[in-house]
A.B. asks: 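One structure follows; several queries about it will come next.
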Amino acid sequence: MPAHPTPETQAITDLARLRETVAAWRAAGDRVVLVPTMGALHRGHLALIAHARTLGERVVASIFVNPTQFGPSEDFARYPRDAASDLALLAQAGTDAAWMPEAAAMYPPGFSSRIEVGGLTEGLCGAFRPGHFSGVATVVTKLLNQVRPDAALFGEKDFQQLQVIRRAVADLDLDVAIHGMPTIREADGLALSSRNRYLAPAERATAPKLHAVLSDIAAQARDGGETAPAIARGIAALEAAGFAVQYLAVCDAATLAPLARVDGPARVLAAAYLGKTRLIDNVAV
Ligand code: AMP
């Protein structure tokens, strides 16, 4: 038995009940913070919850594997789902409620609306995952409208997603503060991800190379030289290690436009397959 009883996390699946619960907290003067997730929780998600607790009195984590952000040949059906383990982790982390809507309630027959964010979504993951960021922007807008939090937290692990959400929130005048959180990594540098559990042991041993290569390119870009040669060497090193690289780019940190040279805040970003598993990562320059 734990020395202190683990506090309960209410699992809520009904929108009316979610709204009643949040309304009661607000009436008591509590600030509400939302952490959207797709479940299969790991220490990266829990770091977001821990920071959320410093921003408000009440923390809601949503768990929803959003079908509209997966392409037809992507891993929606096999995406890891483990509600019991997720709820136990959320309780230990001090989460007040888990918002776990059903897909049929999120997207009932006749559902016809989408949020499209231009510009930022065209390159990087957007070029390889058509419709992905529209699915993300739509579901995040719905989650924000459902919970109506004072603040919402997202990881820099999904850096393009974070920028797309910031853009949508600003463009649509959504009244919520968006916070980006640094990427939590394994000791060998691999960014924690729910998809890491797909990696076979040999792939898991290779996977930290992605972060190592991005860090090398960031160090070279920092010196202000041309980015193209460093990127070419990085792609060659990843391909030699067994990755199939989708993109590797040095981009402006705000616009995500590719940079020939770095002269301000920038980010090195990549997506690459190891076997059947698609890994993404990014580091600051
Ligand atoms: P997901 O469940 O993968 O949709 O992720 C939910 C949230 O957790 C997103 O805002 C992610 O960016 C964030 N996240 C995922 N992995 C990490 C990580 N390793 N470190 C920090 N945040 C993360």
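In each ligand, atom 1 is the first atom listed, and ligand 1 is the first ligand listed.
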A.B. asks: Does any N or O atom in Phe154 lie less than 3.5 angstrom from one in ligand 1, N or O only?
C.D. replies: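 In this structure, Phe154 places no N or O atom under 3.5 Å from an N or O of ligand 1.
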A.B. asks: Within the 4.5 Å heavy-atom criterion, are Asp281 and Arg185 side-chain neighbours or not?
C.D. replies: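 In short, these two side chains touch, coming nearer than 4.5 Å.
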A.B. asks: Please write down residue, atom name and distance for the protein heavy atom closest to atom 10 (O) of ligand 1.
C.D. replies: Gly155 N, 2.8 Å
A.B. asks: How far is atom 4 (O) of ligand 1 from the closest protein heavy atom, and which atom is that?
C.D. replies: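 Checked against all protein heavy atoms, atom 4 (O) of ligand 1 sits closest to Met38 CG, 3.6 Å.
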A.B. asks: I'd like to check whether Ile184 has a polar contact with ligand 1, where a contact means an N/O of the residue lying under 3.5 Å from an N/O of the ligand.
C.D. replies: yes
A.B. asks: Would Ala40 count as a contact residue for ligand 1, given that I'm defining contact as a non-hydrogen atom of the residue lying under 4.0 Å from a ligand atom?
C.D. replies: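 Judged by the 4.0 Å heavy-atom criterion, Ala40 does not count as contacting ligand 1.
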A.B. asks: N/O to N/O below 3.5 Å, does that happen between Lys157 and ligand 1?
C.D. replies: no
A.B. asks: Looking only at side-chain N and O atoms, does Asn66 offer a donor or acceptor that is under 3.5 Å from a partner on Tyr107?
C.D. replies: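 Looking only at side-chain atoms, Asn66 and Tyr107 do form a donor-acceptor pair, the distance falling under 3.5 Å.
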A.B. asks: N/O of His45 under 3.5 Å from N/O of ligand 1, yes or no?
C.D. replies: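 It does: an N or O of His45 is found under 3.5 Å from an N or O of ligand 1.
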A.B. asks: Looking at every non-hydrogen atom in both residues, tell me the closest pair between Thr13 and Trp99 and how far apart they are.
C.D. replies: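 Closest approach of Thr13 to Trp99, heavy atoms only: C-CZ3, 3.5 Å.
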A.B. asks: Could you report the tightest heavy-atom contact between Arg267 and Ala284, atom names first, then the distance?
C.D. replies: NH1-CB, 3.6 Å
A.B. asks: Taking N or O atoms only and a 3.5 Å limit, does Ala191 qualify as a polar contact for ligand 1?
C.D. replies: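 In fact, backbone or side chain, Ala191 has no N or O that close.
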A.B. asks: Are more than 12 heavy atoms from other residues, nucleotides or ligands located less than 6.0 Å from atom CZ of Arg148?
C.D. replies: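 For Arg148, atom CZ is not crowded (no more than 12 foreign heavy atoms under 6.0 Å).
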A.B. asks: So if I count the atoms of ligand 1 from 1 in the order they appear, which ones are less than 4.0 Å from some heavy atom of Thr37?
C.D. replies: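 Answer, ordered by atom number: 2 (O), 6 (C).
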A.B. asks: Give the atom numbers and elements of ligand 1 that come within less than 4.0 Å of a heavy atom of Asp158.
C.D. replies: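 Once the distances to Asp158 are compared, the set is 11 (C), 12 (O).
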A.B. asks: Compute the minimum heavy-atom distance from His42 to ligand 1 and say whether it is under 4.0 Å.
C.D. replies: yes
A.B. asks: Thr183 heavy atoms, cut-off 4.0 Å: which ligand 1 atoms fall inside?
C.D. replies: 19 (N), 20 (N), 21 (C)
A.B. asks: Between the side chains of Arg195 and Thr277, does any donor sit under 3.5 Å from an acceptor?
C.D. replies: no
A.B. asks: Please examine the side chains of Val164 and Val136, heavy atoms only from C-beta on, and report whether any two atoms are closer than 4.5 Å.
C.D. replies: no
A.B. asks: Side chains of residues 32-43: which donor-acceptor partners sit under 3.5 Å, not counting sequence neighbours?
C.D. replies:
from	atom 1	to	atom 2	distance (Å)
Thr37	OG1	Gly39	N	3.0
Thr37	OG1	Ser62	O	2.8
His42	ND1	Gly44	N	2.9

A.B. asks: Cation-pi check for Phe133 against Arg114: NZ or CZ below 6.0 Å from the six-membered ring centre and within 45 degrees of the axis, yes or no?
C.D. replies: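 No, a cation-pi geometry is absent between Arg114 and Phe133.
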A.B. asks: I want to know if ligand 1 touches Leu192 in the polar sense, i.e. an N/O pair below 3.5 angstrom.
C.D. replies: yes
A.B. asks: I'd like the name of whichever of Ser62, Pro36, Ala47, Pro182 reaches closest to atom 21 (C) of ligand 1 through any heavy atom.
C.D. replies: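 Checking each option, the heavy atom nearest atom 21 (C) of ligand 1 is found in Pro182.
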A.B. asks: Which bit of Leu41 gets closer than 4.0 Å to ligand 1, counting heavy atoms only: side chain, backbone, both or neither?
C.D. replies: neither
A.B. asks: Under 3.5 Å, which donor-acceptor pairs do the side chains of residues 46-61 form with other protein atoms, sequence neighbours left out?
C.D. replies:
from	atom 1	to	atom 2	distance (Å)
Arg53	NH1	Ala93	O	3.2
Thr54	OG1	His51	O	2.6
Glu57	OE1	Arg31	N	2.7
Glu57	OE1	Arg31	NE	3.3
Glu57	OE2	Arg31	NH2	2.7
Arg58	NE	Asp30	OD2	3.0
Arg58	NH1	Asp96	OD1	3.1

